[in-house]
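The structure under discussion appears below in the form of structure tokens.
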Amino acid sequence: MEYNFREIEQKWQSTWVKSKAYQVKNNTDKPKYYVLDMFPYPSGAGLHVGHPLGYIASDIVSRFKRLKGFNVLHPMGYDAFGLPAEQYAIEHGVHPAKSTAQNIDNFRKQLDNIGFCYDWEREVRTCDASYYKWTQWIFLQLFNSFYNRQLQKAAPVTDLIQSFEANGNADHICPGDNSIRFTAAEWKAYSEKEQQDILMQYRLAFCGYGEVNWCEALGTVLANDEVVNGVSERGGHPVVKKKLRQWYLRITEYADRLLSGLDTIEFSEAMKEMQTNWIGKSSGAEISFELSAKSHEQPTGSQPAAQSSKLIVYTTRPDTIFGVDFMVVAPEHELIEKITTPEQKEAVDAYITYVKSRSDRERQAEKKITGCFTGAYAINPFDGREIPVWISEYVLAGYGTGAIMAVPCGDERDFRFAQHFNIPITNIIGDAYDGTDANPTKDAILSNSGFLDGMKMRDAIELVINKLEEMGIGKRKVNYKMRDAAFSRQRYWGEPFPILWRNGIAYPLDESQLPLELPNVESYSPGPEGEGPLSNIPEWTHQFGDKGVLETNTMPGYAGSSWYFLRYMDPHNDNTFCNRKVSDYWNQVDLYIGGTEHAVGHLLYSRMWTKALYDLGHIGFDEPFRKLLNQGMIQGSSRFVYRKKGTQTFISVGLVNKEEVDQLHVDVNIVDGVELDIEAFKKWRNGEYANAEFILEEGKYICGVEVEKMSKSKFNTVNPDTLVEKFGADTFRMYEMFLGPVDQSKPWDTKGIEGVHRFLKKMWRLFFDENKGQVWTNDAPTAEELKVLHRTIKKIEDDTERFSFNTAVSSFMICVNELSDLKCHKKEILESLLILLTPYAPHIAEELWQQLGNSGSILDASYPVFNAAHVTETSKEYPISINGKMRTNITIALDATEDQVKELVLANELVQKWMEGKPLKKLIFVKGKMINIVI
RNA sequence: GCCCUGGUGGUGGAACUGGUAGACACGCAGGACUUAAAAUCCUGUUCGCCGAAAAAGCGAGUGCGGGUUCGAUUCCCGCCUGGGGCACCA
């Protein structure tokens with residue numbers, strides 16, 4: 001009886017479906033464990049061997065935890081809304097709903113091949129109305145909430161209104177525009193529109209105006225990478241910066257909690273670092289500078305407002321205030337118009353026109369030093385110096401106050417700017433500044449710095465801030481790089497916003513009106529003026545009659561994926577997004593597996609949504625993912641053939657002269673290792689190379705090799721279906737794991753898969769012989785056999801627990817090799833081994849389990865318990881080193897005392913030889929490890 | 001430029017808290033079984049030296065150069081290099 005993996009795998013896969021083996025219940029006494037794969041987007045390209053890596057790892061952990069007695073939630077579903085599907089639809093004339101459904105079917109078939117233990121009854125698709133009903137519902141929760149900074153949590157807008165009615169907005173500074181101030185009486189006197197406009201500035205999901213790339217000719221908004229040199233990538237039409245109405249999430253209010261929350265979760269340092277950098281918290285001071293009399297020489301007519309005659313800058317280094325040699329404001333700064341002197345007006349206008357002509361991309365690509373003097377001066381509050389105010393594009397309007405105080409001796413950019421425009425540089429750090437480079441140190445001693453002279457810079461920071469606050473011209477200030485997240489797309493294939501517009505006011509739909517369904521239409525061309533395609537469907541937008549017109553933007557891809565892990569817990573609930581008792585049971589995702597590409601997108605948004613839902617009392621935890629495991633990328637190992645220029649002659653790699661050939665990618669699937677299958681090559685690409693001739697090395701055509709990203713265009717993708725067909729799912733699963741540490745990137749090489757396949761066959765032969773049939777017996781195991789088993793139990797358990805799947809596979813091989821050497825065919829040993837193997841190779845394990853005469857499924861067996869008694873040794877073959885060099889081995893009883901060891905070792909002939917009669921200086925004896933003789 | 005990661009045989013990798021570097025595989029070479037092939041099994045396989053060969057032995061060796069230690073792939077300092085991320089954030 002031989003190992004017929006095709007039959008076995010098919011049999012058990014259908015048996016497990018019939019017996020609902022993977023169905024997960026929400027109510028059990030067992031402890032829970034939640035393993036989740038990152039939500040896949042079902043693209044039309046299908047899976048290559050890189051995709052299932054994480055799925056196999058999570059599947060192993062799920063099955064392992066189940067055997068360990070946990071109730072394991074391990075679901076799968078589809079992040080199905082999004083741009084690519086719509087793009088595909090426009091280009092191929094297939095409705096996105098249809099192409100998405102097809103892609104999902106295909107995806108599912110490929111997954112099923114590999115034998116995953118997903119509970120498919122819990123599948124979710126973000127594009128199903130039954131799912132996005134709750135995405136819309138959560139959006140309404142965010143819309144109806146604000147961030148109460150006093151309580152550091154989200155709270156209902158109704159609380160805010162109460163507070164406004166009692167105290168105006170004194171208790172709640174407006175996050176959208178902190179200059180907004182009103183009293184209770186003023187609030188009550190506002191019109192509904194005025195009130196709603198103010199509330200919008202507080203809401204966690206809000207509508208505002210933001211700059212986008214608008215292309216009039218195409219009638220659409222373009223992403224940054226669709227704009228090249230100020231024109232559209234497709235068609236070359238002009239693109240302008242335009243302020244358009246957009247929805248946003250006020251994620252900036254959560255910046256501090258997103259930061260501190262990182263301490264409570266197990267993400268890799270790299271991942272935490274990326275999020276920390278993205279949030280970009282910095283603390284410093286806002287300082288208000290008076291503008292000098294000179295700057296009041298205004299062009300006739302406009303009188304500067306009292307407030308705007310001050311320049312407010314943000315700095316993290318208030319200690320350097322005596323080193324300020326100039327000010328720089330962003331080109332968009334509102335003060336420019338007011339402070340520019342008549343003499344400079346022309347130059348400033350020209351400069352601003354120039355800046356406006358440049359795209360973000362250009363600004364970032366060529367870091368030219370550009371700028372223009374406004375003619376105005378600010379006054380240093382401490383020494384009264386007049387400081388020229390410049391404009392430059394290196395200062396960003398969106399960060400801090402859009403204005404900086406420039407300290408060229410301490411800041412590289414300020415230094416280069418000063419040099420470029422010949423602005424004199426004040427040195428406030430003595431020898432620490434060498435005149436050729438700025439020095440950003442905080443440890444230098446200050447000089448030329450008035451009352452700060454002689455102080456260490458680090459210590460001066462606090463002192464200056466306190467002084468500024470005392471004088472009423474500055475205040476402590478924390479800033480973040482992170483911006484509020486744009487939450488609308490001018491697209492069709494996404495969740496519609498449950499919002500009605502009437503008289504310029506956004507009215508939320510009532511919960512009972514959800515889901516607001518996406519209309520099924522044939523055309524998705526963009527609407528006018530940056531509106532989404534939905535604006536072309538008046539019968540949809542006006543379906544609520546007098547109540548208002550529906551919002552025509554749709555939500556972005558990350559809306560549905562920000563909360564999907566909650567829906568899996570309670571996927572069919574029509575009354576709520578997820579029953580609270582159920583989410584209390586499943587709680588956080590214990591293990592989340594996916595790539596690093598979502599470091600600052602999905603992983604930040606879902607953390608924010610979780611915190612908001614927690615604040616509002618809908619769930620009981622405020623971090624979604626307790627532990628994150630990043631799988632490495634599987635790279636492609638490309639193969640090349642070399643065609644002599646202008647011919648159909650292909651030269652084997654060893655004979656190639658680089659100048660005379662074109663290097664061409666060849667499909668890795670027609671190459672065995674590095675040897676090209678010439679016949680297959682002639683048939684490849686519909687016979688394009690049918691007439692090719694070859695110059696061979698030793699009768700073989702050898703291909704060139706390079707490690708690259710795995711992609712169709714490089715012909716280096718390998719389809720898992722092919723491998724499963726050839727070797728079986730169990731082999732495929734184990735080989736993916738055997739390749740190397742799951743979190744490291746490594747190139748794929750199909751060649752090695754045979755080793756894993758051989759291992760499974762070898763294990764099979766412990767049970768069945770091709771000729772003799774059954775060879776397993778009920779004999780009692782020997783001590784030696786038990787030792788092999790229990791060593792393996794310990795190793796596999798430890799390795800699986802710490803996600804070291806590659807070493808676990810090795811340990812299985814070692815175990816089977818040793819049992820084969822021992823000719824061990826004993827049921828008692830083999831049965832335990834099968835349970836250990838179940839998470840890795842479930843089909844063969846189940847088949848042999850049944851063959852051994854067990855009635856229940858091995859999926860529910862209980863994990864073997866390690867017994868140290870079976871592996872204890874009485875003696876050890878110690879490595880003996882002389883001066884750290886290993887010279888020989890001596891077997892010594894483990895309970896020997898140090899004196900006994902010393903005596904034994906020194907008496908050894910080889911040791912004597914190496915000691916060359918020199919006296920023993922020291923003997924290092926590490927019990928159970930090694931012995932080192934120092935002479 | 002900054003941050004994170006890695007660098008070990010022909011290849012993928014192992015060595016978990018400093019203690020016999022190269023486990024386990026792939027590949028390669030030789031052999032057994034077979035009319036033959038497949039499958040399977042056995043032996044060898046870091047490099048160099050010594051040797052006709054085998055055995056044994058010696059020396060070097062974990063990107064490079066230093067250091068700490070009885071002992072370093074592992075810890076420290078300085079470089080080189082592959083991959084990923086961020087990039088005018090004041």
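Keep in mind that what you see is a predicted model, and the values were worked out from it rather than measured. Convention: sequence-line order gives letters A, B, ...; per-chain numbering from 1.
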Notebook entry, point to check: In whole angstroms, how far is the C1' atom of B:U20 from the NZ atom of A:Lys929?
Noted result: 11 Å
Would you list the protein and nucleotides 41-44 of chain B atom pairs, both N or O, that sit under 3.5 Å from each other?
| from | atom 1 | to | atom 2 | distance (Å) |
| --- | --- | --- | --- | --- |
| B:C41 | OP1 | A:Arg765 | NH2 | 2.9 |

Margin query: Could you write out RNA chain B as dot-bracket? Rules: Watson-Crick or G-U wobble, both distances under 3.5 Å, brackets [ ] for crossings, | for pairs with another strand, dot for unpaired.
Written below: (((((((..(((......[....)))((((((.......))))))((((.......))))..(((((..]....))))))))))))....
Checklist line | A:Lys794 side chain near B:C16 phosphate (N/O to OP1/OP2, under 4.0 Å) | finding: no
Margin query: Could you check whether A:Thr370 and A:Tyr354, counting side-chain N and O atoms only, form a donor-acceptor pair closer than 3.5 Å?
Written below: no
Checklist line | A:Glu462 and A:Arg476 ion-paired at < 4.0 Å | finding: yes
Item checked: Cationic N near anionic O, under 4.0 Å, A:Lys281 to A:Asp256 -> yes
Notebook entry, point to check: Taking for each residue the nucleotide of RNA chain B with the nearest heavy atom, is it A:Lys913 or A:Tyr735 whose nucleotide lies nearer the 5' end?
Noted result: A:Tyr735
Next item on the list: Specify the residue among A:Val934 and A:Lys876 whose closest nucleotide of RNA chain B lies further upstream toward the 5′ end.
Entry: A:Lys876
Margin query: Need one value for A:Arg887: base, sugar-phosphate or nothing, where a base atom within 4.0 Å counts as base even if backbone is also close, heavy atoms only.
Written below: sugar-phosphate
Next item on the list: Find the distance between OH (A:Tyr314) and OG (A:Ser282) and round it off to the nearest 0.5 Å.
Entry: 3.0 Å
Check: Is it true that A:Lys794 and A:Asp798 have a side-chain N and a carboxylate O under 4.0 angstrom from each other?
Finding: yes
Report each atom pair, protein N/O against N/O of nucleotides 8-15 of chain B, whose distance is under 3.5 angstrom.
| from | atom 1 | to | atom 2 | distance (Å) |
| --- | --- | --- | --- | --- |
| B:G12 | O2' | A:Leu739 | O | 2.5 |
| B:G13 | O3' | A:Asn806 | ND2 | 3.4 |
| B:A14 | OP1 | A:Asn806 | ND2 | 2.9 |

Item checked: Sugar-phosphate, base or nothing in reach of A:Met886, heavy atoms under 4.0 Å -> base
Next item on the list: Return the residues of residues 402-417 of chain A meeting this criterion: a heavy atom under 4.0 Å from some atom of RNA chain B. Order them by number, or give none.
Entry: A:Ile404, A:Arg413
Notebook entry, point to check: Is B:G9 in the syn or the anti form, by the rule that syn lies within 90° of 0?
Noted result: syn
Item checked: Short side-chain N/O contact from A:Lys921 to OP1 or OP2 of B:C70, under 4.0 Å -> no
Notebook entry, point to check: Should the pair A:Tyr735 and A:Trp748 be assigned to parallel (<30°), tilted (30 to 60°) or perpendicular (>60°) ring geometry?
Noted result: perpendicular
Every protein N/O within reach of nucleotides 75-78 of chain B N/O, cut-off under 3.5 Å:
none

Next item on the list: For B:U20, take OP1 and OP2 only and decide whether either is under 4.0 Å from a side-chain N or O of A:Asn932.
Entry: no
Checklist line | Charged N-O contact under 4.0 Å between A:Lys902 and A:Glu898 | finding: no
Notebook entry, point to check: Checking all strands, does A:Ser268 fall into the base, sugar-phosphate, or nothing category for heavy-atom contacts under 4.0 angstrom?
Noted result: nothing
Next item on the list: Give the ring-plane orientation class for A:His757 versus A:Tyr3, where under 30° counts as parallel, over 60° as perpendicular and anything between as tilted.
Entry: tilted
Notebook entry, point to check: Within the structure shown, what part of the strands sits under 4.0 Å from A:Glu273 by heavy-atom distance: base, sugar-phosphate, or nothing?
Noted result: sugar-phosphate
Note to self: Minimum heavy-atom separation for A:Val407 and A:Asp414, please, with both atom names.
What the structure shows: N-OD2, 3.0 Å
Note to self: Classify A:Trp764 by what it touches in the nucleic acid, base, sugar-phosphate, or nothing, heavy-atom distance under 4.0 Å.
What the structure shows: nothing
Margin query: Please find the pair of heavy atoms, one from A:Ser820 and one from A:Lys762, that lie closest to each other, and give the distance.
Written below: OG-CE, 3.5 Å
Margin query: For the residue pair A:Asp749 / A:Ser637, report whether a side-chain donor-acceptor contact shorter than 3.5 Å exists.
Written below: no
Notebook entry, point to check: Looking just at side-chain N and O atoms, do A:Thr807 and A:Ser804 make a donor-acceptor pair shorter than 3.5 Å?
Noted result: yes
Which atoms of nucleotides 66-68 of chain B (N or O only) lie under 3.5 Å from a protein N or O atom, and what are those distances?
none

Item checked: Any A:Tyr314 side-chain nitrogen or oxygen under 4.0 Å from OP1 or OP2 of B:A90 -> no
